[in-house]
Amino acid sequence: MEKPVIIRIVFIIAALVLLLKVAQLQLFDKTMRSRAQATAIEKQVQYPSRGLIYDRNGTLLVYNDAIYDLLVVYNKIDPQMDTTRFCQLLDITREQFVDNLKKPWGGQFSKNVPFVFLSKIQPQTWARFSEHLFDFPGFTPRLRSARGYAQNGAAHVLGYISEVNKDQISASVGVYESGDYIGTSGLERAYEPYLRGAKGVKYILKDNIGREVGPFEGGVRDSAAISGSDLISTLDINLQVYAEQLMANKVGAITAIEPNTGEILAMVSSPSYDPNLLTINQNRGAYYAALAQDSLKPLFDRTVLAQYPPGSIFKTVVGLIALQEGVTTPYRSIRCGGGFVNAPGDIRKCHGHPAPTNISIALQYSCNAYFFTLFKDLVNKYGFRDVENGLDNFYTYLSNFGFGQKLTSEIDYEATGFIPNSAYYDNVYKNSPWYATTIVSLGIGQGELSMTTLQMANLASILGNRGFYIQPHLLKQIRNQATLPNPDFDRKKLVRIDPIHFGPIIDGMAAVVTSGTARMAQVPGVEICGKTGTVQNPHGEDHSVFIAFAPRENPKIAIAVYVENAGGGGRTAAPVAGLLVERYLNDTISVQKKPLETQILNTDLIHKNARS
């Protein structure tokens, strides 16, 4: 073949290759097309307003606070701009200014496309800067919604939002992008899909040097942001804040529930913190670090994470199960004599009190010997050598009460507490047998048994309802939605106790308040039924616990109060509960109870115990 022909063939092949490559780039490869559009069309995300959160009475708890991001187009910055004044207005350093403009150009960032120069600018800072914005070409604002808290209470319940991480972005399948905010704890986390709303978008046509020309294609591709749904919580914020005031300078937790609905009226973990500290702001990291390093653990939610021995409040459960199982009767008399002989040389002490001639009196004076006896009878029901069946039967009742399991569907970090069964003790005592005498401490709520204060308050609900509870929950309504997202919020859960057996237990609980160990919980004109507990603490002062419901008939509130290192249940927990019941039912504290209120408000157990 002649040389000129070969050259022509080579040129033709090269031309064809080039044409194919052009066709690929122009017609088939969407990457180049999108890059071309990116230089001409700017996609502006429209952020929705996050749903608001209210208490059960319509009081606003969580609102949206304006926060600003400052965007910049690098090629539009005036080289002669006064950077010193710019930095002063935004309260940043010269080094921050330089660092924030350093980007890996040519990849994710283009000098003709806006990027975030500074985020989370507070409204007061922005107000100062915005008056001079015209002096700094290339910089434009982007308004975002952060959170603000109308009250300083309920920090653990309400939760907070934070910036999404890489794992959350990947799992969201396009819902979240870098820089978006997401509910991280509390109600913010539990109802994130309802609160977040939906983002909108605007497409802006730009010329070749980045100047806005107008809406792309007349705005037909634009979409408006859809605001998130408002939540009505079950909280009574007045009760919540008052409970937090009573728990000031004390360590512990309070949970209050409306028994016939399962709606949580208050959840107090003490010590707590001001929720406004963890709003989206440039000092948030420092605030969080300080809270995390605090030895009193204010970030730790003691209402659902602290797993406490219940103490003598558990005697109500032992009594109910013993009555249901037929191992006792309401009028059985059991000798106390100041103690309980568990085994030779093992005498479990009891405090002095009148003879427990029936189960109601035994509860009224919290007789240890009485309930040690009932527990042993339950475990030995099938014979003292067949304690496995006896304990496991007891265990199934406890499970039915909601012990040893999570109660809510809203708090994913909720602890389960612990109730031991025969398998547990078989493992503990691998090389020796165990008997009812081995585990008798369970009969008065000690030993390996543990509960959260939410579970304790739910027990008070079961007692007040005479045998049922509804899953405790924090959501009362999603505004403009007819139904709740969880059907369990309306469904009764029955325990395996016949209603007739609640009568003598409730008689005893009523007597606890009128003439027993919780006289300081009395409320004028209201019949309160309660039970105190004093939980042994090998590391210091005993813990104080009290559960109650009121009024006796058709109760409106069930409550559990647990105060660490506070002594007997009647000393601190019971008066705190009484004040809360009175405040909730009567909306005020009576004159005769004002001295007690002052005493509780002024009690500082944190510093007292630190000195001792």
Side-chain angles (χ1 to χ4, degrees), residues 236 239 242-243 246-247 252-260 262-268 303 308 310-317 319-320 360 363-366 401 445 451-466 469 472 502-535 543-563 566 568-586 589-590 593 596-597 600:
D236 183 310
L239 183 69
Y242 183 54
L246 293 176
M247 286 296 288
I254 296 172
T255 302
I257 300 173
E258 187 176 65
N260 68 326
E263 295 177 359
I264 296 172
L265 303 171
M267 287 185 86
V268 175
T303 62
Y308 296 115
S312 291
I313 66 170
F314 190 64
K315 292 172 181 175
T316 59
V317 181
L320 286 171
S360 300
L363 273 175
Q364 177 182 357
Y365 295 108
S366 198
F401 275 75
M451 298 179 193
T452 65
T453 52
L454 176 61
Q455 291 171 334
M456 296 176 195
N458 195 54
L459 168 59
S461 288
I462 293 169
L463 292 163
N465 290 332
R466 279 70 167 174
Y469 71 95
F502 285 87
I505 300 299
I506 291 172
D507 287 342
M509 293 178 69
V512 165
V513 178
T514 58
S515 54
T517 56
R519 293 178 179 88
M520 293 177 72
Q522 293 178 17
V523 173
V526 178
E527 187 172 13
I528 298 178
C529 301
K531 182 69 190 79
T532 56
T534 302
V535 179
H543 303 315
S544 179
V545 58
F546 183 68
I547 63 168
F549 63 86
R552 176 169 178 159
E553 302 301 325
N554 300 313
K556 300 295 187 293
I557 183 172
I559 191 166
V561 179
Y562 206 107
V563 188
R571 188 192 305 177
T572 305
V576 167
L579 289 168
L580 289 169
V581 168
E582 183 172 17
R583 179 67 175 268
Y584 182 69
L585 296 180
N586 297 342
I589 300 299
S590 55
K593 295 292 287 292
L596 177 62
E597 179 189 47
I600 295 296

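All residue numbers in this chain count up from 1 along the given sequence.
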> For a 4.5 angstrom cut-off between non-hydrogen side-chain atoms, does Phe546 reach Ile313?
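Contact flag for Phe546/Ile313 side chains = no.
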
> Measure the CD-OH distance between Glu597 and Tyr242 for me, rounded to the nearest 0.5 Å.
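It is 3.5 Å, given to the nearest 0.5 Å.
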
> Output the distance between atom CE (Met520) and atom OG1 (Thr572), rounded to the nearest 0.5 Å.
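Here the rounded value is 8.0 Å.
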
> Who passes salt bridge (Lys or Arg N to Asp or Glu O under 4.0 Å) against Arg571, sequence neighbours left out?
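Arg571: salt bridge (Lys or Arg N to Asp or Glu O under 4.0 Å) contacts with Glu541.
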
> Donor-acceptor check, side chain of Thr303 to backbone of Leu454, threshold 3.5 angstrom: yes or no?
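No; judged by distance alone, with no hydrogens or angles, the pair does not exist.
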
> Restricting to non-hydrogen atoms, name the atom on Val545 and the atom on Pro310 that form the minimum distance, rounded to 0.1 Å.
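Heavy atoms of Val545 and Pro310 come nearest at CG1-O, 3.5 Å.
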
> Any side-chain heavy atom of Leu463 sitting closer than 4.5 Å to one from Leu320?
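Yes. Closest side-chain heavy atoms under 4.5 Å.
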
> Please report the shortest heavy-atom distance between Asn465 and Asn260, naming the atom on each side.
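Closest heavy-atom pair between Asn465 and Asn260: OD1-N, 3.9 Å.
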
> Counting distance only, does the side-chain N/O of Gln522 pair as donor-acceptor with the main-chain N or O of Thr514 below 3.5 Å?
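At least one qualifying donor-acceptor pair exists.
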
> Does Gln455 use its side chain to pair, donor to acceptor, with the backbone of Thr452 at less than 3.5 Å?
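Yes; at least one donor-acceptor contact below 3.5 Å.
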
> Would you list the pairs meeting salt bridge (charged side-chain N to carboxylate O under 4.0 Å, His left out) in which at least one residue belongs to residues 515-524, sequence neighbours left out?
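Listed by first then second residue: nothing to list.
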
> List the atom of Ala457, the atom of Ala558, and the distance in Å for their closest heavy-atom pair.
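The pair with the smallest heavy-atom distance is O-CB, 4.0 Å.
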
> Any side-chain heavy-atom pair from Val535 and Tyr308 closer than 4.5 angstrom?
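Not in contact.
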
> CZ of Phe549 to CD of Glu258: how many Å apart, nearest 0.5 Å?
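Phe549 atom CZ to Glu258 atom CD measures 15.0 Å (nearest 0.5 Å).
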
> Show me the side-chain donor-acceptor pairs of residues 506-513 shorter than 3.5 Å, one per line, residues at least two apart or across chains.
unit_1 : atom_1 : unit_2 : atom_2 : d
Asp507 : OD1    : Arg552 : NH2    : 2.4

> Taking the side chain as everything from C-beta on, heavy atoms only, tell me whether Leu246 gets closer than 4.5 Å to Val268.
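Counting from C-beta outward, Leu246 and Val268 never come under 4.5 Å.
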
> Do you see a donor-acceptor pair shorter than 3.5 Å between the side chains of Lys315 and Ser312?
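Their side chains do contain a donor-acceptor pair, which is all the 3.5 Å distance test asks for.
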
> Output the distance between atom CG (Asn458) and atom CD1 (Ile264), rounded to the nearest 0.5 Å.
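Spacing of CG (Asn458) from CD1 (Ile264) equals 9.0 Å.
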
> For the atom pair CG (Leu265) and NZ (Lys556), what is the distance rounded to the nearest 0.5 Å?
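Leu265 atom CG to Lys556 atom NZ measures 12.0 Å (nearest 0.5 Å).
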
> Taking the side chain as every heavy atom from C-beta outward, state whether Lys531 and Leu363 have any pair of such atoms under 4.5 Å apart.
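SC-SC contact between Lys531 and Leu363 confirmed.
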
> To the nearest 0.5 Å, tell me how far Glu582 CD sits from Ile528 CD1.
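Taking CD in Glu582 and CD1 in Ile528, the distance rounds to 8.0 Å.
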
> Quick check: closest heavy atoms across Leu239 and Ala256, and the distance to 0.1 Å?
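Shortest heavy-atom contact: CD2-CB, 4.3 Å.
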
> Classify the angle between the aromatic ring planes of Tyr562 and His543 as parallel (below 30°), tilted (30 to 60°) or perpendicular (above 60°).
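Tyr562 and His543: tilted rings.
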
> Hey, does the side chain of Thr453 reach the backbone of Met456 with a donor-acceptor pair shorter than 3.5 angstrom?
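Side chain of Thr453 to backbone of Met456: no pair is present.
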
> So do the side chains of Asn586 and Val523 get within less than 4.5 Å of each other, counting heavy atoms only?
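Heavy-atom side-chain distance check passes, below 4.5 Å.
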
> Any sub-3.5 Å donor-acceptor pair from Thr517's side-chain atoms to Tyr365's backbone N or O?
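No, Thr517 side chain to Tyr365 backbone: no donor-acceptor pair under 3.5 Å.
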
> Where is the tightest heavy-atom contact between Pro555 and Pro259, given as atom of each residue plus distance?
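That closest heavy-atom pairing would be O-CD, 3.8 Å.
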
> Search all heavy atoms of Gly569 against all heavy atoms of Thr532 and return the closest pair with its distance.
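The pair with the smallest heavy-atom distance is C-CG2, 3.9 Å.
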
